[in-house]
Amino acid sequence: MSHPRPASPTGTARQTPDFLTMWRDLAPLGRHATSGGYRRYAWGGADRECRAWFREQAELRELAYEVDRNGNQWAWYGVRGWAEAGPGEAVVTGSHLDSVPDGGAFDGPLGVVSAFAALDRLLARGAVPTRPLALVNFGDEEGARFGLACVGSRLATGRLTPADAALLRDADGITLPAAMEAAGYDPDTLGPDPDRLSRIGAFVELHVEQGRSLDLTGDPVGIAGSIWPHGRWRYDFHGEANHAGTTRLGDRRDPMLTYAGTVLEARREAELAGAVATFGKVAVEPNGVNAIPSLVRGWLDSRAPDQASLDAVTSAVEAAARTRAARDGISLDVVRESFTPVVEFHRALGAELGRILDAPGMPPVPVLGTGAGHDAGILADSVPAAMLFVRNPTGVSHSPAEHAAEDDCLAGVEALTDVLEGLACV
């Protein structure tokens, strides 16, 4: 655990790097030379570099830096740490720095860099926070290494128990506690953090939009209204390994055919329900060019505007998969690995964001739904939480092509600055 350092009473924001400088300095960390995407996996080398960057930014501003019991990083202005914030007093902003495999630059880091930049702009305005103000980097939000998203925030809220966290393993068999320990953190402290959460009166996460709603409306910034219910299901199709060149087609028990049919069925059911369904990860055994597989394991990610639609899609996909499996002589196991119900963000806080950001004589800032999960969604049951979205002109995300224009990023910083001033400087 790191001991917090006291924040400067006057702040040093005017001497600190601006948004574009921070963005340039963070950009090379974890970028893959061939794909151009990012491989910032939890507790690995690139993630450690990003965490060192966060600490450096905190210390440049003389903020009280600390790491909580679950490995989440915090930087406090105006207090020596979370324990000096009274119940419901603190205003918190931030996001995450880890990535999906070959992910984009903006998903997560935009919210963290914008948090530091917004604090700088707030102080440059001469505003003085009257409530404790904190910036946060939540650990392992993407779940790329251990298969479960939002690990840091799930642990803090008690939605992931230490016992279950200890069972998480990466592709090399390394457990989450072992990975944390190798990175210099104490896994024995993992667990719910209700005392810390009780100090938070508002959490606002800025994030690049993972869709094109703002591009279609022409707005640089929007407010999140809700997160669609979503989950991940693992489909194990068990067949019979055999020689690809000598086994007659009629004699085969090929699980790849059953899997392929299930992929197509998922697309069809999602279209019918106005939802989304994706088989984006697959593992094959024995994975030989000239071998009929014995096992095809595929992971279904499905999301929908409401629970009934999600249930309809996932039930129909599983039913179709079982029907096809029976016809192909394949046995099938389906396991739900994770699930998040619909998240309605805090209505009063969302309305306050609208009041702060709506300009006289202009259309109100749009309120959007989203199919992507976030730490703010995990926290929403425990603290008043809200989100700001920054326009993504193509809607592409979780890809090296993910993008937000410089002007829109700076508009996001300005909006977040206004929000922090409205919430923390009253």
Side-chain angles (χ1 to χ4, degrees), residues 22-23 26-27 29-31 37-55 57-58 65-68 70-75 92-118 134-157 159-160 165 168 176 179-180 183 185 193 197 200 203-210 224 227 338 340 343 370 372-380 383 385-390 392 397-399 402 404 409 412 416:
M22 287 188 287
W23 192 256
L26 184 62
L29 305 184
R31 178 184 284 164
Y38 287 88
R39 300 182 181 182
R40 298 168 173 165
Y41 305 147
W43 310 113
D47 184 55
R48 291 198 294 270
E49 290 182 312
C50 290
R51 295 172 69 85
W53 175 91
F54 182 95
R55 179 169 187 166
Q57 296 305 316
Y65 171 80
E66 60 181 348
V67 179
D68 69 19
N70 297 304
N72 305 309
Q73 294 178 291
W74 298 78
V92 180
T93 187
S95 190
H96 64 94
L97 292 173
D98 66 312
S99 77
V100 298
D102 287 326
F106 294 82
D107 179 354
L110 181 62
V112 177
V113 177
S114 296
F116 283 112
L135 285 56
V136 64
N137 168 37
F138 282 105
D140 199 2
E141 193 270 355
E142 294 290 5
R145 182 173 180 182
F146 297 101
L148 179 65
C150 300
V151 169
S153 54
R154 285 181 189 272
L155 283 165
T157 58
R159 293 176 65 170
L160 174 64
L168 296 175
L176 171 65
M180 290 185 68
Y185 298 92
D193 207 349
L197 295 180
I200 300 174
F203 174 65
V204 180
E205 180 176 5
L206 180 143
H207 204 280
V208 67
E209 188 193 1
Q210 295 169 290
I227 297 177
S338 67
T340 303
V343 174
T370 178
H374 302 280
D375 289 309
I378 299 297
L379 294 174
V383 304
M387 292 190 70
L388 296 175
F389 288 131
V390 172
N392 179 339
S397 188
H398 284 189
S399 158
E402 181 180 86
C409 292
L416 184 58

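Residue indices begin at 1 and follow the sequence shown.
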- Item | Heavy-atom pair with the smallest gap, counting every atom of A144 and V100 | CB-CA, 4.0 Å

- Determine the minimum heavy-atom distance between A385 and A376, stating which atoms define it. CB-O, 3.6 Å

- Query: Between F203 and F138, what is the ring plane arrangement, given parallel below 30°, perpendicular above 60°, and tilted in between?
  - Reply: perpendicular

- Qualifying residues under side chain to side chain donor-acceptor pair (under 3.5 Å), relative to S153, sequence neighbours excluded: D375

- Message: Determine whether a donor-acceptor pair (N or O, by modelled atom type, separation under 3.5 Å) exists between the side chain of R154 and the backbone of A149.
- Response: yes

Validation: residues 101-113 side-chain donor-acceptor distances under 3.5 Å, sequence neighbours left out:
unit_1	atom_1	unit_2	atom_2	d
D102	OD1	S35	OG	2.6
D102	OD1	R39	NE	2.8
D102	OD1	R39	NH2	3.3
D102	OD2	R39	NH2	3.1
D107	OD1	H96	NE2	3.3
D107	OD1	H207	NE2	2.7
D107	OD2	Q210	NE2	3.0
D107	OD2	H398	NE2	3.0

- Message: I'd like to check L206 versus S95 (side-chain heavy atoms, cut-off strictly below 4.5 Å). Are they in contact?
- Response: no

- Heavy-atom donor-acceptor pair, N392 side chain to A404 backbone, under 3.5 Å: no

- R51 meets the salt bridge (charged side-chain N to carboxylate O under 4.0 Å, His left out) criterion, sequence neighbours left out, with none

- E205 CD to L379 CG distance, which is reported to the nearest 0.5 Å: 8.5 Å

- Note on the structure: The side chain to side chain donor-acceptor pair (under 3.5 Å) partners of S99 (sequence neighbours excluded) come to none

- How many angstroms lie between CD in E209 and OG1 in T370, if you round to the nearest 0.5 Å? 7.0 Å

- Query: Who passes side chain to side chain donor-acceptor pair (under 3.5 Å) against R40, sequence neighbours left out?
  - Reply: none

- Measure across V92 and W74 and return the closest heavy-atom pair with its distance rounded to 0.1 Å. CG1-CZ3, 3.8 Å

- Sorted by chain and residue number, the side chain to side chain donor-acceptor pair (under 3.5 Å) partners of Q57 (sequence neighbours excluded) come out as R61

- Non-hydrogen atoms of M22 and A117 that approach each other most closely: CE-N, 3.7 Å

- Which distance, rounded to the nearest 0.5 Å, do you find between the CZ of F389 and the NE2 of H374? 4.5 Å

- CG on N137 to CG on D98, rounded to 0.5 Å: 7.5 Å

Review item, side-chain donor-acceptor pairs of residues 41-48, under 3.5 Å, at least two apart:
unit_1	atom_1	unit_2	atom_2	d
D47	OD2	W43	N	2.9
R48	NH1	W43	O	2.8

- Task: Search all heavy atoms of A156 against all heavy atoms of N72 and return the closest pair with its distance.
- Result: CB-ND2, 4.5 Å

- Query: Taking it one step at a time, do T340 and I227 satisfy side-chain contact (heavy atoms from CB on, under 4.5 Å)?
  - Reply: CA-CA 9 Å; T340 303; I227 297 177; 5.9 Å; no

- Query: Side chains of V136 and D68: closer than 4.5 Å at any heavy-atom pair?
  - Reply: no

- Message: Going by the rule side chain to side chain contact (heavy atoms under 4.5 Å, CB included), which residues pair with S338 if we only count those two or more places apart in sequence or in a different chain?
- Response: L148, R232

- Message: Could you work out, with ring-ring contact (aromatic ring centres under 6.0 Å, His included) as the rule, every residue matching F116, not counting sequence neighbours?
- Response: W53, F54

- Message: For V204, is there any backbone N or O sitting under 3.5 Å from a side-chain donor or acceptor partner on T93?
- Response: yes

- Item | For A27, side chain to side chain contact (heavy atoms under 4.5 Å, CB included) partners two or more places apart | R31, Y38

- Item | Side chain to side chain, M180 and D140, heavy atoms closer than 4.5 Å | no

- Message: I need the L97 CG to L26 CG distance, nearest 0.5 Å.
- Response: 6.0 Å

- Task: Search all heavy atoms of L416 against all heavy atoms of S114 and return the closest pair with its distance.
- Result: CD2-O, 3.7 Å

- Message: With rounding to the nearest 0.5 angstrom, report the CG to CG distance, N70 to L160.
- Response: 8.5 Å

